[in-house]
Undergrad: 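I have a structure I would like to understand better, so I am pasting it below and will then ask my questions one at a time.
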Amino acid sequence: MNEQAREDYEWLMEYVKSGKERFFVSDWGCSMTRYRSFGIGNKGLILVNEEKKEAHMLVYPDGELAGFTADDIDMESISKTGRTYDAERLTVSYRLVVQRYKDGVALVSWMLHPDGSYFADEGGFGRQDDEEVWAYAYIDTDCRTLVKFQVMDDDETKQHFFQIAVQKAKL
């Protein structure tokens, strides 16, 4: 049992009750609930294991990755994209999305760089020819990394790593 995650759960439940901040709360499958702070985009992301009464902060409101370390990132894969800034600093400048759990695992998608239209004004000035760069990882219901963040260019690759993650989650 993760004592810190239990303490975080108690804190989160009291904080939610206090009404100091609003949260989007969603059933995320496999007895998991997603809490996302209202008004701060995809930052301030918390996953709760309802069976174990444990809360796992994935991203702090300032964009710092909370639930991941450098050991959870395949830098060799990400280096090939040329977009390593956020991965090296363990920050979320753009988006971090957790898909719903299936078979005890969830896909985590981390946008390392947006497409070129992100930088354009209303008239298109400032647009760049950049493509979106995403890294993906799989986590279990304890929010442990089963498959490190890496580039997964297609659905077949994601499915391959999903199968690996499911097997690891069963261990």
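Just so it is clear, the structure is predicted and the values come from calculations on it, not from any experiment. Just so you know, these numbers use all the heavy atoms, side chains as well, and skip hydrogens, waters and symmetry mates.
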Undergrad: What distance do T141 atom OG1 and N49 atom CG have between them, rounded to the nearest 0.5 Å?
TA: 5.0 Å
Undergrad: Within this structure, what is the OH-CZ distance for the pair Y136 and F161, rounded to the nearest 0.5 Å?
TA: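 If I round to the nearest 0.5 Å, the distance is 13.0 Å.
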Undergrad: Do we see a donor-acceptor contact under 3.5 Å between the side chains of Q159 and D155?
TA: no
Undergrad: Do W28 side-chain atoms and V98 backbone N/O form a donor-acceptor pair below 3.5 Å?
TA: yes
Undergrad: Give a yes or no on whether the backbone of R83 and the side-chain of T81 come within a donor-acceptor separation of less than 3.5 Å.
TA: yes
Undergrad: Quick one: does Q150's side chain have a donor or acceptor within less than 3.5 Å of a partner on K148's backbone?
TA: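 Such a contact is found between Q150 side chain and K148 backbone.
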Undergrad: Which residue is it: D8, V48, N2? I am looking for the one with a side chain to side chain contact (heavy atoms under 4.5 Å, CB included) to H56.
TA: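 The side chain to side chain contact (heavy atoms under 4.5 Å, CB included) with H56 is passed solely by N2 among D8, V48, N2.
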Undergrad: Rounded to the nearest 0.5 Å, what separation is found between the NZ atom of K17 and the CD atom of E14?
TA: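 Those atoms lie 4.5 Å apart.
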Undergrad: Examine distances only and state if a side-chain atom of S77 and a backbone atom of V151 form a donor-acceptor pair shorter than 3.5 Å.
TA: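 Checking the backbone N and O of V151 against the side chain of S77, a donor-acceptor pair under 3.5 Å is found.
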Undergrad: Which atoms form the tightest heavy-atom contact between A87 and I73, and what is the distance?
TA: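 That would be O-CD1, 3.7 Å.
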Undergrad: I'd like to know if W134 and Y85 are part of one continuous hydrophobic network [Ile/Leu/Val/Met/Phe/Trp/Tyr, side-chain heavy atoms within less than 4.5 Å].
TA: no
Undergrad: Hey, are E3 and R6 close enough for a salt bridge, meaning a charged N less than 4.0 Å from a carboxylate O?
TA: no
Undergrad: Going by the rule salt bridge (charged side-chain N to carboxylate O under 4.0 Å, His left out), which residues pair with D140 if we only count those two or more places apart in sequence or in a different chain?
TA: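 Per chain and number, D140 pairs via salt bridge (charged side-chain N to carboxylate O under 4.0 Å, His left out) with R144.
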Undergrad: W110 and side chain to side chain contact (heavy atoms under 4.5 Å, CB included): which partner among L96, V97, V59?
TA: L96
